[in-house]
**Q** 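Here you go, one structure.
Quantities reported herein were computed from a predicted structural model and do not represent experimental measurements. Each chain gets a letter, A, B and so on, in the order its sequence line appears, and its residues count up from 1.
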2 protein chains.
Amino acid sequence: MKKSLADRIEQYIKVLIDRSEEKQIEIQRAELAETFSCVPSQVTYVISTRFQEKYGYYTESRRGGKGFVRITRFTISSDICTIMDGDKLFDFINELMEKKMLDSESGNMLKHIVLSASSDLADEHRKHLYNSVARGLSEYLNLN
Amino acid sequence: MKKSLADRIEQYIKVLIDRSEEKQIEIQRAELAETFSCVPSQVTYVISTRFQEKYGYYTESRRGGKGFVRITRFTISSDICTIMDGDKLFDFINELMEKKMLDSESGNMLKHIVLSASSDLADEHRKHLYNSVARGLSEYLNLN
DNA sequence: CCCTATTTGACTTTATTTGACTTTCTTCGT
DNA sequence: ACGAAGAAAGTCAAATAAAGTCAAATAGGG
């Protein structure tokens, strides 16, 4: 996949968070923009589209001199009460891989198996399977 | 019977998937349309008629700058031939782990999820699940 | 000839990039 | 201590890039 500028900035930030001890980083918006030779508001765009709470991040910032943007990653858990469809389950798995809570080998295998196993199921059973897998995975990883 | 444009595009995509390591490709709709000198919506037509889930393909896409269409092929489980029960499936997974064809991380996770997911299924559905998982796993590991 | 699959293109929706303008802090000089 | 200047971040809307939708037109097989 050809990466857009926004994608590259997103990755860069995620790597920084991975490497941080506290799963939290502080950046200067202008500095990061400089690194990627883009306008500062591009960074704002990336943060506001990719680092939302629903993806397991929350952000704080301060303007003016010595300003910063702080991004903190927290552990999400699948909300089993939500109706899971295939896409949601896959998003969940992708997110876990991204956060290194699930290695990509295991994650990809799981996606293939779920796809394969759900292919000949009626809709209700398929949904049931998605939910069960989400639940089983959460249990296995000790989320919740 | 002369091959239609749609047929040729379909073939082309399938060859790309065959050649890919992950049985998954990402294309740019407009680029592919360019290759075949046709309108972009022709590509959409091909994808929506030939790469449906019921044929064993899963698609995702993103619009806007650096957009893409991702197509993943998975194996559709056909009717169950082998009678698989839980113990056999677990033996199978253990064997794969012993032979280092499946790392223990993935194997253990899979066992956990299958157990969890099968716990509230009626007998017939449970057996079906075991079989599907065995098949999906075989496929993923390129056994057969 | 009729029916279905294909082809085409106008229009819609979504995502990204950019830049001008606004708001909020900090610092520095009086 | 206070106000002005400067430093950073935020907001918003326009411009551009791609993919999706839908329906009319056409082609081909039976």
Side-chain angles (χ1 to χ4, degrees), chain A residues 1-14 16-17 24-55 57-73 85-88 90-91 94-95 98, chain B residues 1-17 24-55 57-73:
Chain A
M1 164 171 47
K2 288 196 65 186
K3 287 276 173 54
S4 65
L5 175 55
D7 290 334
R8 287 184 288 117
I9 295 174
E10 176 192 2
Q11 285 223 320
Y12 182 83
I13 293 174
K14 285 180 174 170
L16 291 183
I17 296 176
Q24 175 182 93
I25 58 162
E26 268 177 26
I27 55 174
Q28 300 228 219
R29 189 183 74 145
E31 190 183 293
L32 189 49
E34 179 65 26
T35 302
F36 284 90
S37 308
C38 65
V39 296
S41 56
Q42 176 73 265
V43 175
T44 303
Y45 171 72
V46 172
I47 289 168
S48 66
T49 55
R50 274 83 154 163
F51 294 87
Q52 301 167 15
E53 290 217 13
K54 65 180 177 189
Y55 300 128
Y57 296 89
Y58 86 95
T59 64
E60 304 158 276
S61 68
R62 203 168 66 202
R63 305 185 186 192
K66 298 285 185 334
F68 62 85
V69 176
R70 175 160 48 224
I71 303 175
T72 307
R73 177 154 80 197
D85 59 19
D87 289 340
K88 289 219 194 73
F90 279 35
D91 286 347
N94 287 335
E95 189 179 350
E98 199 174 88
Chain B
M1 166 181 46
K2 199 154 156 290
K3 281 247 171 66
S4 68
L5 174 55
D7 290 336
R8 286 185 290 119
I9 294 175
E10 176 191 3
Q11 293 274 341
Y12 183 83
I13 292 174
K14 286 182 172 167
V15 169
L16 290 184
I17 295 175
Q24 175 179 96
I25 58 161
E26 270 176 21
I27 55 173
Q28 299 226 216
R29 190 183 74 146
E31 192 182 290
L32 189 50
E34 179 66 26
T35 302
F36 284 90
S37 308
C38 64
V39 295
S41 56
Q42 176 73 265
V43 175
T44 303
Y45 172 72
V46 172
I47 289 168
S48 66
T49 55
R50 274 95 150 147
F51 294 87
Q52 301 167 14
E53 287 212 20
K54 64 181 177 189
Y55 301 130
Y57 295 90
Y58 175 74
T59 65
E60 303 159 277
S61 69
R62 198 171 71 189
R63 305 186 187 192
K66 300 289 190 303
F68 62 85
V69 177
R70 178 186 303 140
I71 304 176
T72 307
R73 177 160 65 206

**Q** Restricting to side chain to side chain contact (heavy atoms under 4.5 Å, CB included), what partner residues turn up for B:S48, sequence neighbours left out?
**A**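 So B:S48 forms no side chain to side chain contact (heavy atoms under 4.5 Å, CB included) with any residue.
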**Q** Name each donor-acceptor pair under 3.5 Å that joins a side chain in residues 29-36 of chain A to protein atoms two or more places apart or in another chain, with its distance.
**A**
residue : atom : partner : partner atom : Å
A:R29   : NH1  : A:T44   : OG1          : 2.8
A:T35   : OG1  : A:E31   : O            : 3.1

**Q** Rounding to an integer number of Å, can you tell me how far B:I9 CD1 sits from C:dT8 C1'?
**A**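 For the pair B:I9 CD1 and C:dT8 C1', the rounded distance is 12 Å.
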**Q** For B:I27 and A:P40, take the nucleotide of DNA chain D holding the closest heavy atom to each; which residue's nucleotide lies nearer the 5' end?
**A**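 Nearest nucleotide further toward 5': that of A:P40.
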**Q** Within the sub-3.5 Å range, which N or O atoms of nucleotides 13-16 of chain C have a protein N or O partner, and how far apart are they?
**A**
residue : atom : partner : partner atom : Å
C:dT13  : O4'  : B:R63   : NH1          : 3.4
C:dT13  : O2   : B:R63   : NH1          : 2.7
C:dA15  : O4'  : B:R63   : O            : 3.4
C:dT16  : OP1  : A:R50   : NH1          : 3.3
C:dT16  : OP1  : A:R50   : NH2          : 3.1
C:dT16  : OP2  : A:Y45   : OH           : 2.5
C:dT16  : OP2  : A:R50   : NH1          : 2.9
C:dT16  : O5'  : A:Y45   : OH           : 3.1

**Q** Who pairs with B:R70 by side-chain hydrogen bond (donor to acceptor under 3.5 Å, both in side chains), at least two apart in sequence or on another chain?
**A**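 For B:R70, the residues satisfying side-chain hydrogen bond (donor to acceptor under 3.5 Å, both in side chains) (neighbours in sequence not counted) are B:E26, B:E60.
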**Q** With B:V15, which residues qualify under side chain to side chain contact (heavy atoms under 4.5 Å, CB included), at least two apart?
**A**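 If we apply the side chain to side chain contact (heavy atoms under 4.5 Å, CB included) test to B:V15, skipping adjacent residues, the hits are B:R19.
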**Q** If the sugar-phosphate is the primed atoms plus P, OP1 and OP2 and the base is the rest, what is the B/S/- string for nucleotides 22-30 of chain D, using protein heavy atoms under 4.0 Å?
**A** ---------
**Q** Would one find a side-chain N or O of A:S61 under 4.0 angstrom from OP1 or OP2 of D:dA9?
**A**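 So the side chain of A:S61 is outside the cut-off, no N or O lying under 4.0 Å from OP1 or OP2 of D:dA9.
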**Q** Can you name the side-chain hydrogen bond (donor to acceptor under 3.5 Å, both in side chains) partners of B:S4, sequence neighbours left out?
**A**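 Counting only residues at least two positions away or on another chain, B:S4 forms a side-chain hydrogen bond (donor to acceptor under 3.5 Å, both in side chains) with B:D7.
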**Q** Roughly how many Å is it from CD in A:E26 to P in D:dA8, rounded to a whole number?
**A**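 Spelled out: CD on A:E26 to P on D:dA8 is 14 Å.
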**Q** Distance check needed: D:dG10 P versus A:I71 CD1, whole Å only.
**A**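 My rounded result for the distance is 10 Å.
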**Q** Rounded to the Å, how far apart are A:K3 NZ and D:dA18 P?
**A**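 For the pair A:K3 NZ and D:dA18 P, the rounded distance is 17 Å.
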**Q** What's the CZ-P distance between A:R29 and D:dA8, to the nearest Å?
**A**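 A:R29 atom CZ is separated from D:dA8 atom P by 12 Å.
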**Q** Round to the nearest Å and state the distance from A:F51 atom CZ to D:dG10 atom C1'.
**A**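 Atom CZ in A:F51 sits about 18 Å away from atom C1' in D:dG10.
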**Q** In this structure, how many angstroms lie between the P atom of C:dT7 and the CD1 atom of B:I47, rounded?
**A**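 My rounded result for the distance is 14 Å.
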**Q** Looking at B:Y57, I'd like to know if the NZ or CZ of B:K14 sits under 6.0 Å from its six-membered ring centre while staying within 45 degrees of the ring's axis.
**A**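 That pair does not qualify as a cation-pi contact.
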**Q** Test of understanding: with side-chain hydrogen bond (donor to acceptor under 3.5 Å, both in side chains), list the residues that count as partners of B:Q28, not counting sequence neighbours.
**A**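 Partners of B:Q28 under the side-chain hydrogen bond (donor to acceptor under 3.5 Å, both in side chains) test: none.
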**Q** Using side-chain heavy atoms (C-beta onward) and a distance below 4.5 Å, is A:T72 in contact with A:T59?
**A**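 Side-chain contact under 4.5 Å: no.
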**Q** Give the rounded distance in Å between these two atoms: CD of A:E60 and C1' of C:dT24.
**A**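 Checked: the CD to C1' distance equals 16 Å.
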**Q** Got a sec, which residues hit side chain to side chain contact (heavy atoms under 4.5 Å, CB included) with A:R63, two or more places apart in sequence or on another chain?
**A**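 A:R63: no side chain to side chain contact (heavy atoms under 4.5 Å, CB included) contacts found.
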